Participant: 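Please find one structure pasted underneath; my questions will follow.
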Number of protein chains: 2
Amino acid sequence: MSTFPTLRVDRSSPVPLYHQVAEQLERSIVDGVLKPGERIVNEVALADTLGLSRPTMRQAISTLVDKGLLVRKRGVGTQVVQSQIRRSVELTSLNDDLLAGGRAPHTLVLRLELIESDETASRQLQLAAGDPVWAVERVRFVGDEPLALMCNRLPASIVDLSVVDLSLTGLYAQLRASGVHVRVAHQTISSRRATSYEARLLNERKGSPLLTMDRTAFDDKGRAIESGSHVYRPDLYSFEVTLVDR
Amino acid sequence: MSTFPTLRVDRSSPVPLYHQVAEQLERSIVDGVLKPGERIVNEVALADTLGLSRPTMRQAISTLVDKGLLVRKRGVGTQVVQSQIRRSVELTSLNDDLLAGGRAPHTLVLRLELIESDETASRQLQLAAGDPVWAVERVRFVGDEPLALMCNRLPASIVDLSVVDLSLTGLYAQLRASGVHVRVAHQTISSRRATSYEARLLNERKGSPLLTMDRTAFDDKGRAIESGSHVYRPDLYSFEVTLVDR
DNA sequence: AACATCATTATGTCAGGACAAAGCCTTGAC
DNA sequence: GTCAAGGCTTTGTCCTGACATAATGATGTT
């Protein structure tokens, strides 16, 4: 009677079982096999048919609940959220975002130099004043249109940017390649008028509204590894956020 | 040698054990008892001293990892993130946010009426065109300053707003009181110029930059229950988002 | 002195079971 | 016919136990 998708797990795979299940469920949802509002089979039965334990099955479902794709209700069941927007913000650089969107971006590096940390950078990166930091300033293009102006500061002790080509790969890709794993980022999103400098670089008028994002990123040791001040053209960019309660 | 905080659990309390532990750990972190960069006691030992099982202890730590307060690294341990900004966005209404901030806000209700759903609302709320929806329009003040202009649409079948006083409580509080539990919200944040209408209401100039937030919210049955279009004065409001990888 | 190997430590994954609590529906009393 | 009581389903919480895997530092070899 039910058209519930057939799930499979490969126990010889290095991919965790809960992740395998979560991926298949997610694909079923975005592909429309599981329709918005539909109730999925209960945890116990699902674990049973897959030969998994209930905690493992539960962990799989939990990842999709955290992503905002499913909602659970005690005594009732688990249902697909009735939403058509499925993309959520992941912790990636803008570069990855745009590549995923199909349009190949490119980057103009305006500045890349080693400077002494000013007060702002020292506070955000938890450094002593005067410690060496990288100062990076870039303009991101999509096609021929400038999209964002990005100013970043990174502790020089973390990574050596002198040899990298930031016009080809994103900052986060470079960090990954250097063995730095970004785990947490705090972002503050707001808006303000463009300065004349920003307006010139972004092909806008002075005073036009810009979307601003200030970010501090941390690695898997809890160290602050990057602080950034980005401004975006709001007609070309927006932030997608999914909030989940409980 | 270590000044690790003493944790306690009350097994007679209805509050889940993992939640009790998570709360105490979080308080220790924000109070500075656990300092940024500090490594916390490993899961097994911590579970042991509290008389808990490891999964329960792990669940407690996981909530703080998801909040961006802790980072875990296999083979190494769990450390406090070196950040000073600790507040994160929860899934609450603006009202709750501001109340928590100490400043008592008030609200001016410009419009509250039952209309036939237009195409936009029908799509976002998954309704048939012409279905009755509530149209709400409000201005939120902080002190004497207007902060935000909020337009919302809600299916009339979900809640009866004709009897409520939205100038006293927030929309989400009213939904809770009506037995509707908001679980998931998708938000899109961007920016644009103020229209003359918005400028007049928000005490700004026409064309000045505004922070925009478009939201669709879902309840614990996965139903779309609210869609909102809010504009904020960027000098008075910003969004804080914490992203966590893995 | 440089390098590979191994042991240690901590988190990551998974099993299988138990009871609690919330929602919903059926049943039964009035 | 209405309402309350009780039973069923399903998720929420918690337990004990086990092995896998990544990171680190110590050890031993060349």
Side-chain angles (χ1 to χ4, degrees), chain A residues 2 4 9-23 25 38-66 70-80 179-181 183 219-223 244-246, chain B residues 2 4 9-23 25 38-66 70-80 179-181 183 219-223 244-246:
Chain A
S2 122
F4 199 80
V9 290
D10 174 12
R11 296 198 92 98
S12 69
S13 162
V15 178
L17 298 178
Y18 72 90
H19 195 263
Q20 293 183 34
V21 177
E23 270 195 332
L25 276 177
E38 187 172 341
R39 248 185 50 192
I40 74 173
V41 177
N42 74 70
E43 295 174 351
V44 182
L46 214 46
D48 233 44
T49 61
L50 280 172
L52 299 175
S53 70
R54 192 183 155 209
T56 302
M57 194 62 230
R58 203 172 153 70
Q59 194 175 0
I61 294 175
S62 293
T63 65
L64 299 184
V65 171
D66 291 341
L70 294 175
V71 286
R72 282 202 270 229
K73 203 176 177 189
R74 186 194 296 204
V76 179
T78 306
Q79 288 171 285
V80 180
V180 177
H181 305 297
R183 274 292 178 85
D219 72 355
D220 49 13
K221 293 195 184 72
R223 298 178 301 184
V244 178
D245 203 18
R246 208 131 326 182
Chain B
S2 122
F4 199 81
V9 290
D10 174 13
R11 297 197 91 99
S12 68
S13 162
V15 178
L17 298 178
Y18 72 90
H19 196 262
Q20 293 183 33
V21 177
E23 270 195 331
L25 275 177
E38 188 172 341
R39 248 185 49 193
I40 74 173
V41 177
N42 74 69
E43 295 173 352
V44 182
L46 214 46
D48 234 44
T49 61
L50 280 172
L52 299 175
S53 70
R54 193 184 153 209
T56 303
M57 194 62 230
R58 203 170 154 71
Q59 194 175 0
I61 294 176
S62 292
T63 65
L64 300 184
V65 170
D66 290 342
L70 295 175
V71 286
R72 283 201 270 228
K73 202 176 178 189
R74 186 192 297 205
V76 179
T78 305
Q79 287 172 287
V80 180
V180 177
H181 305 295
R183 275 292 177 84
D219 71 354
D220 50 13
K221 293 194 184 71
R223 298 179 302 184
V244 178
D245 204 17
R246 206 128 325 179

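Note that these values count all heavy atoms, side chains included, but never hydrogens, waters or copies made by symmetry. Proteins get letters first, then strands, A, B, ... in listed order; numbering begins at 1 in each. Computed from a predicted structure; not experimentally measured.
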Participant: Is any side-chain nitrogen or oxygen of B/Arg11 closer than 4.0 Å to OP1 or OP2 of D/dC15?
Facilitator: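 Yes, within the criterion.
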Participant: A/Glu43 has an atom CD; how far is it from atom P of C/dC19, in whole Å?
Facilitator: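 Going from CD in A/Glu43 over to P in C/dC19 covers 19 Å.
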Participant: Please state how far atom CG in B/Leu64 lies from atom P in C/dT11, giving the value in whole angstrom units.
Facilitator: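 B/Leu64 atom CG is separated from C/dT11 atom P by 14 Å.
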Participant: A/Tyr18 side chain N/O closer than 4.0 Å to the phosphate oxygens (OP1, OP2) of C/dC14?
Facilitator: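 No, because none of the side-chain N or O atoms of A/Tyr18 sits under 4.0 Å from OP1 or OP2 of C/dC14.
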Participant: Separation of B/Arg39 atom CZ from C/dA10 atom P, in whole Å?
Facilitator: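 For the pair B/Arg39 CZ and C/dA10 P, the rounded distance is 6 Å.
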Participant: Give a yes/no answer on whether the side chain of B/Arg58 brings an N or O atom under 4.0 Å of OP1 or OP2 in C/dT11.
Facilitator: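 Looking at the OP1 and OP2 atoms of C/dT11, neither is under 4.0 Å from any side-chain N or O of B/Arg58.
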Participant: Sort out for me which residue in A/Val15, A/Leu17, A/Val9 forms a side chain to side chain contact (heavy atoms under 4.5 Å, CB included) with A/Ser13.
Facilitator: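 That would be A/Val15.
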Participant: Need to verify one output field. Residue with the more 5' nearest nucleotide on DNA chain C, B/Ile40 or A/His19?
Facilitator: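 Checking each residue's closest nucleotide, the 5'-ward one belongs to B/Ile40.
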Participant: Taking CZ from A/Arg183 and C1' from C/dG12, how many angstroms apart are they, rounded to a whole number?
Facilitator: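 Value for this atom pair: 11 Å.
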Participant: Taking OP1 and OP2 of D/dC15, is either one under 4.0 Å from a side-chain nitrogen or oxygen of B/Arg54?
Facilitator: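 It does not, given that no N or O in the side chain of B/Arg54 lies less than 4.0 Å from OP1 or OP2 of D/dC15.
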Participant: Consider the side chain of A/Lys221, meaning its heavy atoms from C-beta on, and name the nucleotide among D/dT24, D/dC14, C/dT11 that approaches it most closely.
Facilitator: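 Ranking D/dT24, D/dC14, C/dT11 by closest atom to the A/Lys221 side chain puts D/dT24 first.
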Participant: Measure the distance from CZ on B/Arg74 to C1' on D/dC19 and round it to the nearest whole Å.
Facilitator: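 Answer to the nearest Å: 12 Å.
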Participant: What is the distance, to the nearest angstrom, from the CG atom on B/Asn42 to the P atom on D/dT24?
Facilitator: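 Those two atoms, CG and P, are 16 Å apart.
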Participant: Which residue, A/Asp220 or A/Lys73, contacts DNA chain D at a nucleotide closer to its 5' end, judged by nearest heavy atom?
Facilitator: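 Looking at DNA chain D, the more 5' nearest nucleotide goes with A/Lys73.
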Participant: Tell me which of A/Pro14 and B/Val15 sits closer to the 5' end of DNA chain D, going by the nucleotide each one is nearest to.
Facilitator: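 Nearest nucleotide further toward 5': that of B/Val15.
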Participant: Are B/Asp219 and B/His181 side-chain neighbours, meaning at least one heavy-atom pair lies under 4.5 Å?
Facilitator: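 A side-chain contact under 4.5 Å is absent here.
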Participant: Once you round it to whole Å, what is the distance between P of C/dC14 and CD of B/Gln59?
Facilitator: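 Going from CD in B/Gln59 over to P in C/dC14 covers 17 Å.
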Participant: Could you check whether any side-chain heavy atom of A/Val80 comes within less than 4.5 Å of a side-chain heavy atom of A/Leu70, counting everything from C-beta outward?
Facilitator: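 The answer is yes; the side chains approach within 4.5 Å.
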Participant: Compare every heavy atom of A/Asp220 with every heavy atom of B/Lys73, then report the nearest pair and how far apart it is.
Facilitator: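 Minimum heavy-atom separation between B/Lys73 and A/Asp220: CE-OD2, 3.4 Å.
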Participant: Check whether any side-chain nitrogen or oxygen of B/Thr78 sits under 4.0 Å from OP1 or OP2 of C/dA10, and answer yes or no.
Facilitator: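 No.
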Participant: I'd like to check B/Arg58 versus B/Leu52 (side-chain heavy atoms, cut-off strictly below 4.5 Å). Are they in contact?
Facilitator: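 Heavy-atom side-chain distance check fails, nothing below 4.5 Å.
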Participant: Heavy atoms under 4.0 Å, any strand shown: does A/Pro16 hit a base, just sugar-phosphate, or nothing?
Facilitator: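 Result for A/Pro16 = sugar-phosphate.
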Participant: Remember a base hit wins even if backbone is also touched, and classify A/Thr56 as base, sugar-phosphate or nothing at under 4.0 Å, heavy atoms.
Facilitator: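 Sugar-phosphate only.
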Participant: In whole Å, I'd like the distance from the CG atom of B/Asp48 to the P atom of D/dT16.
Facilitator: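 Those two atoms, CG and P, are 9 Å apart.
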Participant: Reading DNA chain C from 5' onward, which residue's closest nucleotide shows up sooner: B/Arg72 or B/His181?
Facilitator: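 It is B/Arg72, whose closest nucleotide lies nearer the 5' terminus.
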